[in-house]
Amino acid sequence: MPTNQEIARILSEIGEYLDMAGVAFKPRAYEKVAETISSLQEEVNDIYKRGGLKALTEIPGVGTSIADHIEELIKTGRLKYYEQLKKKTPVDLFTLTQVEGLGPKKIKRLYKELGIRNLGDLEKAAKAGKIGKLEGFGEKSAENILKGIEFVKKSGGRFILGYVMPDIRIIEERLRKLKGVDRLEICGSIRRRKETVADIDILAISDKPKPVMDFFVNIPEVVRVYAHGPTKSMVRLKIGGMPASAKASAGIDADLRVVPPESYGAALNYFTGSRDHNVALRKIAIQKGWKLSEYGLFSIAEKRGNSRGITRKETRIAGRTEEELYKKLGMDYIEPEMREMTGELEASKAHKLPKLIGYGDLKGDLQTQTNWTDGSATIEEMAVAAQKAGLEYIVITDHTKRLAMTHGLDARRLAQQIKEIDKLNERFRIHDTRFKILKGTECDILRDGSLDLPDEILRQLDVVGVSVHSLFNLSEEEQTKRIIKAMKNPHADILFHPTGRLIQKREPYDVDMEEIIRTAKETGTILEINAYPDRLDLKDEYIRKCVNAGVKMSIDSDAHSPAHFAVLEFGIAQARRGWATKTDIINTRPVEQMLKLLK
DNA sequence: GCCGTTTTCGGCCCGACTGTTTTCAGTCG
């Protein structure tokens with residue numbers, strides 16, 4: 001049974017083969033449907049099982065031909081049409097197209113004239129000087145291909161946002177301070193605050209773009225310059241990124257575009273994306289008889305000349321700000337985190353967009369660890385750091401005894417910690433701060449769904465978080481049952497990192513999230529949005545389901561050191577991508593009100 | 001090959017840069 005990713009890859013390769021053959025329009029149809037399928041929530045397989053060919057054609061971009069292709073793939077595991085194309089040009093398209101500067105047309109010529117089928121062949125030919133001699137290629141192309149090969153070998157492609165953000169901000173500040181730069185913004189998936197990002201898109205306003213460009217391609221982090229023009233430059237940056245990895249050492253690509261002030265909003269919008277969101281906006285503009293580009297929204301007047309045909313006069317009608325642009329198109333402003341074509345255009349037209357939780361809206365943090373278990377700092381140090389980060393309260397949630405490697409707390413040590421926290425709060429009170437340390441736990445959920453600490457001690461805590469740290473491989477049924485039983489414990493207030501995933505490291509465990517969300521609603525259990533950059537667990541799609549179901553959530557740092565409170569912004573970003581408002585998140589409230597929302 | 005609240009036929013987002021060219025194709029985002 002082919003997975004969505006496998007189906008998407010085959011369809012996308014068909015698109016590239018058609019492109020190679022010079023076929024018009026079909027390539028884009030295949031590329032587009034491949035993108036849709038690779039980001040589909042439901043398995044295409046299941047859709048087919050449920051409703052056959054007809055259900056397949058209800059997937060956007062799937063018509064009769066592609067539906068037939070998919071059916072053949074599901075039924076036979078093969079696709080004759082694809083195999084025929086592949087036979088004509090039997091190359092490793094997937095890898096070769098990852099080489100910067102190589103597209104279908106060039107790959108075809110390299111195969112026809114030099115017999116190049118894969119990365120190895122390509123490297124050999126380039127080193128042997130064969131590519132430079134090919135008509136239309138030249139020495140420079142050969143050199144670029146070799147550099148491209150190096151990167152493909154080293155890089156996995158995407159970076160975890162929270163790990164690269166600190167370095168990106170340093171570069172951003174340096175460029176912003178540059179003389180001649182009036183405004184500057186990081187756009188693209190970074191502005192949309194995606195979980196992972198592939199590159200850095202930077203937009204600037206300047207009336208002297210040349211010195212800005214020259215500065216940019218010469219900053220010390222630049223290891224390679226792909227393009228250096230008057231309004232657009234592209235480079236590869238070597239930035240630390242944390243944790244240090246092979247990936248980070250390969251560097252990350254950054255583009256800088258400079259536009260005039262009257263185009264800033266349109267450019268900001270265009271370079272922020274998502275691509276699909278932009279395409280949809282341009283179509284709306286066309287329906288109104290206008291044209292939208294990164295330079296603005298234009299009305300078009302056509303004048304018929306006597307013999308010379310038609311002349312077009314374009315008049316800018318919006319583009320200085322994004323707000324103006326959306327308004328002119330008949331819509332409310334859409335926050336960057338929502339620009340993913342998941343219904344934001346419809347909501348915007350109907351003036352029904354939610355007012356998203358803001359980046360300064362958190363008043364507390366409900367999951368923090370200390371040196372009582374696997375954290376690095378004392379309770380007091382964590383409290384002081386949280387206060388500095390602008391919070392009014394934190395919950396200390398050290399691990400429990402089942403997690404032996406962290407010296408998890410048993411009932412006796414937890415009782416000691418409770419006393420310690422009482423003392424500290426007294427001291428804070430004396431020093432006349434309103435900051436409050438709450439007593440809590442990150443209590444392990446055992447195999448059978450019971451909790452790692454007895455009810456007698458849980459009863460004494462302000463906040464009980466429960467979470468899974470073992471037996472990730474249980475069947476979906478067993479895992480779901482286990483977690484639901486824990487949620488039904490009258491003391492279990494919050495389910496921490498509900499799916500257990502680690503981005504780029506560990507898949508989520510098999511769990512029926514629909515069922516978990518229903519149980520949360522039933523039992524009044526809070527679901528956590530864990531802000532730690534490689535967790536971001538819940539995912540945006542589940543956050544949105546919680547919002548729609550009226551299930552409350554918390555945003556927690558899972559801080560293991562004082563510096564970690566900085567990650568809360570990524571949790572807020574995640575919540576915003578799930579369309580959550582301030583009222584959906586319990587720790588936007590002052591401590592007394594927050595506590596009232598718990599069991 | 002897909003799609004339709006102006007279209008079931010005739011459209012399909014738009015522009016920048018490079019390299020190898022003498023006016024542009026290919027690639028990228």
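The shown structure was predicted, so the numbers you read here are calculated from the model rather than taken from an experiment. Each chain gets a letter, A, B and so on, in the order the sequences are listed, and its residues count up from 1.
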Engineer: Which parts of residues 46-65 of chain A get close to DNA chain B, meaning a heavy atom less than 4.0 angstrom away?
Structural biologist: Pro60(A), Gly61(A), Val62(A), Gly63(A), Thr64(A), Ser65(A)

Engineer: Side-chain N or O of Lys26(A) less than 4.0 angstrom from OP1 or OP2 on dG1(B)?
Structural biologist: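 So the side chain of Lys26(A) is within the cut-off, an N or O lying under 4.0 Å from OP1 or OP2 of dG1(B).
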
Engineer: Using OP1 and OP2 only, check whether a side-chain N or O of Asn144(A) sits under 4.0 Å from dG19(B).
Structural biologist: yes

Engineer: At under 4.0 Å, does any side-chain N or O of Arg257(A) touch on OP1 or OP2 of dG29(B)?
Structural biologist: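 Looking at the OP1 and OP2 atoms of dG29(B), neither is under 4.0 Å from any side-chain N or O of Arg257(A).
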
Engineer: How would you list all residue pairs meeting ring-ring contact (aromatic ring centres under 6.0 Å, His included) that involve residues 52-77 of chain A, not counting sequence neighbours?
Structural biologist: His69(A)-Tyr81(A)

Engineer: What's the CG-P distance between Asp255(A) and dG15(B), to the nearest Å?
Structural biologist: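 Rounded to whole Å, this separation is 18 Å.
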
Engineer: Do any side-chain nitrogens or oxygens of Lys291(A) fall under 4.0 Å of OP1 or OP2 in dG15(B)?
Structural biologist: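 The answer is yes; a side-chain N or O of Lys291(A) sits under 4.0 Å from OP1 or OP2.
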
Engineer: When we call it a touch if two heavy atoms are under 4.0 Å apart, what does Lys32(A) touch: a base, just sugar-phosphate, or nothing?
Structural biologist: nothing

Engineer: Does Tyr226(A) make a side-chain N or O approach to OP1 or OP2 of dA16(B) shorter than 4.0 Å?
Structural biologist: no

Engineer: Could you tell me the Watson-Crick or G-U partner of dG19(B), where both distances fall under 3.5 Å? Say none if there is no partner.
Structural biologist: dC24(B)

Engineer: Would you call Arg236(A) and Asp253(A) a salt bridge, taking side-chain N to carboxylate O under 4.0 Å as the test?
Structural biologist: yes

Engineer: Starting at NZ of Lys140(A) and ending at P of dC17(B), how long is that distance when rounded to a whole Å?
Structural biologist: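 Spelled out: NZ on Lys140(A) to P on dC17(B) is 16 Å.
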
Engineer: Heavy atoms only, 4.0 Å cut-off, all strands: where does Ser233(A) land among base, sugar-phosphate and nothing?
Structural biologist: nothing

Engineer: Considering only atom P, compute the distance from dT21(B) to dA16(B) and round it to an integer number of Å.
Structural biologist: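 Taking atom P in both dT21(B) and dA16(B), they lie 24 Å apart.
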
Engineer: Identify, with sequence neighbours excluded, every residue that meets ring pair (Phe, Tyr, Trp, His ring centres under 6.0 Å) alongside Phe215(A).
Structural biologist: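 If we apply the ring pair (Phe, Tyr, Trp, His ring centres under 6.0 Å) test to Phe215(A), skipping adjacent residues, there are no hits.
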
Engineer: Scan for ring-ring contact (aromatic ring centres under 6.0 Å, His included) pairs involving residues 15-44 of chain A, sequence neighbours excluded, and state none if there are none.
Structural biologist: none

Engineer: Name every residue in residues 258-274 of chain A that has at least one heavy atom under 4.0 Å from any atom of DNA chain B, in order of residue number, or write none if there are no such residues.
Structural biologist: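 Per residue number, the list reads Tyr270(A).
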
Engineer: How is Leu102(A) classified with respect to the nucleic acid when contacts are heavy atoms under 4.0 Å: base, sugar-phosphate, or nothing?
Structural biologist: sugar-phosphate

Engineer: dT6(B) and dG10(B): how far apart are their C1' atoms, nearest whole angstrom?
Structural biologist: 14 Å

Engineer: Could you list the protein-to-nucleotides 8-11 of chain B atom pairs, N/O on both sides, closer than 3.5 Å?
Structural biologist:
none

Engineer: Expressed in whole Å, how much space separates the P atoms belonging to dC12(B) and dC17(B)?
Structural biologist: 25 Å

Engineer: Provide the distance between the two P atoms, one in dC13(B) and one in dT18(B), to the nearest whole Å.
Structural biologist: 26 Å

Engineer: Mind checking the C1' distance from dT7(B) to dC2(B)? Whole angstroms is fine.
Structural biologist: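 The answer is 13 Å between these two C1' atoms.
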
Engineer: Do Lys105(A) and Met20(A) have side chains that approach each other closer than 4.5 Å (heavy atoms only, starting at C-beta)?
Structural biologist: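 No. Closest side-chain heavy atoms not under 4.5 Å.
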
Engineer: Can you see whether Tyr111(A) has Arg117(A) sitting over its ring - NZ or CZ less than 6.0 Å from the centre and within 45° of the normal?
Structural biologist: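 The answer is no; the distance or angle limit is not met.
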
Engineer: For dT7(B), is chi within 90° of 0 (syn) or not (anti)?
Structural biologist: syn

Engineer: Can you tell me if the side-chain N/O atoms of Ser141(A) get under 4.0 Å from OP1 or OP2 in dT18(B)?
Structural biologist: no

Engineer: Charged N to carboxylate O below 4.0 Å: is that the case for Glu322(A) and Arg339(A)?
Structural biologist: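 Result for this pair is yes, salt bridge flagged.
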
